[in-house]
2 protein chains.
Amino acid sequence: MRDQRYSTELCPRFQTAVELLGKRWTTLVLHVLLDGPARFGELSATLQVVSERMLSERLKELEEQKVVERRVIPGPPVRVEYRLTRKGEALGRVVRGLSKWAEEWVDPPALARSAAVRQRG
Amino acid sequence: MRDQRYSTELCPRFQTAVELLGKRWTTLVLHVLLDGPARFGELSATLQVVSERMLSERLKELEEQKVVERRVIPGPPVRVEYRLTRKGEALGRVVRGLSKWAEEWVDPPALARSAAVRQRG
DNA sequence: CGGGATCCGAAAGGATACTG
DNA sequence: CAGTATCCTTTCGGATCCCG
C-alpha cells in the first residue's frame, strides 16, 4: 500500500543514492570506471563532454561517498588514479543495468525527438 | 580497452537514459509507480517534496519517452491515471536496483552530510 | 599532470495564483 | 481534480586563469 514514506523525509538512503546518480556526469564517470581504474587525464580525455572542473567535482563527491578511491602515485609528474570501491562496483552494476535498458529500449533515431517512437513488440 | 566512445557524442541511447534518470525527481516518481498505477493527486500527495509543477513536467517527459502511460478517466470529476509501460517497468527494475544498492551500502548516519531535503517552510 | 578559485550566464526549480 | 502561467531565487556548469 502506498503511504506517506515520501512525504517530507523520503527513504533517506534511497535519496542519497538518487542525489548521487542524479547529478550530471556522475553516471557517465561510473560507466567509464567500470572498465577499470583510470587517471584523471584519461577520464578527462575519454569524457570530452565533461569539463575538468565538473570531473573534479564529481570525483570528489564520489570519493566522499566511498564510491571511488583516489590513489596518488608520486611523481613527478604526479599521477592520480581513480578506481571503484566495492561499494562503487555495486553501484556500477546498477549503471550497467541502466546501460542495458538503454540498449534494449531506447531506439537510436528517435532519441529526444518527438515524432513516432516505435514501441518494441 | 577504453576508447573515444564518449568523446563528443557518447552512446546516444545511454545518454538519453542518463538524461532521463538524471533529472531531479524522476527516479522518485518511477519508484512510486512501481507500486502500481496512481493518479496525479496521489503522486503529488505521496511525493510531497515534489511541487505540482515539477511533477507535471516530469510526467510529461516520461510520457514522451513512453516510460509511463497517461490514461484519462472521464468524469466529472476527471481523473488521470499514470502507469508504467513495459519500457517503464524495465526501467523501474533499474530503479529497484538502485534502491537495493542504497539499502545495502548507504549507511544512515552518512546522509546528513549530503544535501538534505529541502524543507518547505 | 591534476587540480583549485573566480566570474557569470543559463537553466532548474520553488511559490503563488489561476483555469478547465 | 489535474494541471498552467508567471515570477523570481537558487543552482549548475562553462570559461578562464592560476598553482604545486
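The sequence lines fix the lettering, A, B, ..., with proteins before strands; numbering per chain opens at 1.
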Asks: Starting from P on D/dG20, measure out to CZ on A/F40 and report it in whole angstrom.
Replies: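 One finds 18 Å between P of D/dG20 and CZ of A/F40, rounded.
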
Asks: What's the separation between atom OG in B/S99 and atom CD in B/E104, rounded to the nearest 0.5 Å?
Replies: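 Spacing of OG (B/S99) from CD (B/E104) equals 11.0 Å.
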
Asks: Between A/R83 and A/E81, does any NZ, NE, NH1 or NH2 come within less than 4.0 Å of an OD or OE carboxylate oxygen?
Replies: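 Salt bridge: yes.
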
Asks: Rounded to whole angstrom units, what separation is found between the NZ atom of B/K23 and the C1' atom of C/dA12?
Replies: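 To the nearest whole Å, that distance equals 9 Å.
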
Asks: To the nearest 0.5 Å, what is the distance between CG on B/L98 and CD on B/E103?
Replies: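 Those atoms lie 10.5 Å apart.
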
Asks: So, OP1 or OP2 of D/dT4: does either fall under 4.0 Å of a side-chain N or O from B/S56?
Replies: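 So the side chain of B/S56 is within the cut-off, an N or O lying under 4.0 Å from OP1 or OP2 of D/dT4.
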
Asks: Would you indicate which nucleotide in C/dG13, C/dG3, D/dG3 comes nearest to any side-chain atom of B/R58?
Replies: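 So the side chain of B/R58 is nearest to C/dG13.
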
Asks: So, taking the atom named CH2 in A/W101 and the one named OG1 in B/T16, what distance separates them when rounded to the nearest 0.5 Å?
Replies: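 Output value for this atom pair is 8.5 Å.
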
Asks: May I ask you to verify if any side-chain N or O of A/K60 is less than 4.0 angstrom from the OP1 or OP2 atom of C/dG4?
Replies: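 Yes, because at least one side-chain N or O of A/K60 sits under 4.0 Å from OP1 or OP2 of C/dG4.
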
Asks: Rounded to whole Å, how long is the line connecting atom CG of A/L59 with atom P of C/dG3?
Replies: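 Distance check: A/L59 CG to C/dG3 P gives 7 Å.
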
Asks: Does A/E61 come within less than 4.0 Å of A/R58, counting only side-chain N to carboxylate O?
Replies: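 Looking at A/R58 together with A/E61, the answer is yes, because their closest N to O distance falls below 4.0 Å.
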
Asks: Between D/dA2, C/dC1, C/dG2, which one does the side chain of A/P77 approach most closely?
Replies: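 For the A/P77 side chain, the nearest candidate turns out to be C/dC1.
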
Asks: Please report the distance, rounded to the nearest Å, between CD in B/Q48 and C1' in C/dA15.
Replies: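 So the two atoms are 16 Å apart, to the nearest Å.
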
Asks: Between B/Y82 and D/dG3, is there a side-chain N or O to OP1/OP2 distance below 4.0 Å?
Replies: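 Yes.
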
Asks: Return a single string for nucleotides 14-19 of chain D, one symbol per nucleotide in 5' to 3' order, where B is base contact, S is sugar-phosphate-only contact and - is none, cutoff 4.0 angstrom on heavy atoms.
Replies: BB----

Asks: Answer with base, sugar-phosphate or nothing: what part of the nucleic acid does A/E52 contact at a heavy-atom distance below 4.0 Å?
Replies: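 The answer is base, as A/E52 lies within the cut-off (heavy atoms under 4.0 Å) of a base atom.
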
Asks: Nearest to the A/R39 side chain among D/dA2, C/dC1, C/dG3, which nucleotide is it?
Replies: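 Of D/dA2, C/dC1, C/dG3, C/dC1 is nearest to the side chain of A/R39.
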
Asks: Using a strict threshold of under 4.0 Å (side-chain N to carboxylate O), is an ion pair present between B/R53 and B/E57?
Replies: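 Salt bridge flag = yes for B/R53 with B/E57.
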
Asks: On DNA chain C, does the nearest nucleotide to B/E57 precede the nearest nucleotide to A/R79 from the 5' side, or the other way round? Give the residue.
Replies: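 Checking each residue's closest nucleotide, the 5'-ward one belongs to A/R79.
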
Asks: What's the CD-C1' distance between B/E61 and C/dA11, to the nearest Å?
Replies: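 The answer, rounded to whole Å, is 13 Å.
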
Asks: Would you please test B/E19 and B/Q15 for side chain to side chain donor-acceptor pair (under 3.5 Å) and show each step?
Replies: CA-CA 6 Å; B/E19 285 178 4; B/Q15 205 204 355; 3.2 Å; yes

Asks: Output the rounded distance in Å from CD (A/E81) to C1' (C/dC1).
Replies: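 Computing the A/E81:CD to C/dC1:C1' distance gives 14 Å.
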
Asks: What's the CG-C1' distance between B/L55 and D/dT4, to the nearest Å?
Replies: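 The distance from CG of B/L55 to C1' of D/dT4 comes to 14 Å, rounded to the nearest Å.
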
Asks: Rounded to the Å, how far apart are A/R71 CZ and C/dG2 P?
Replies: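 After rounding, the gap between these two atoms is 15 Å.
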
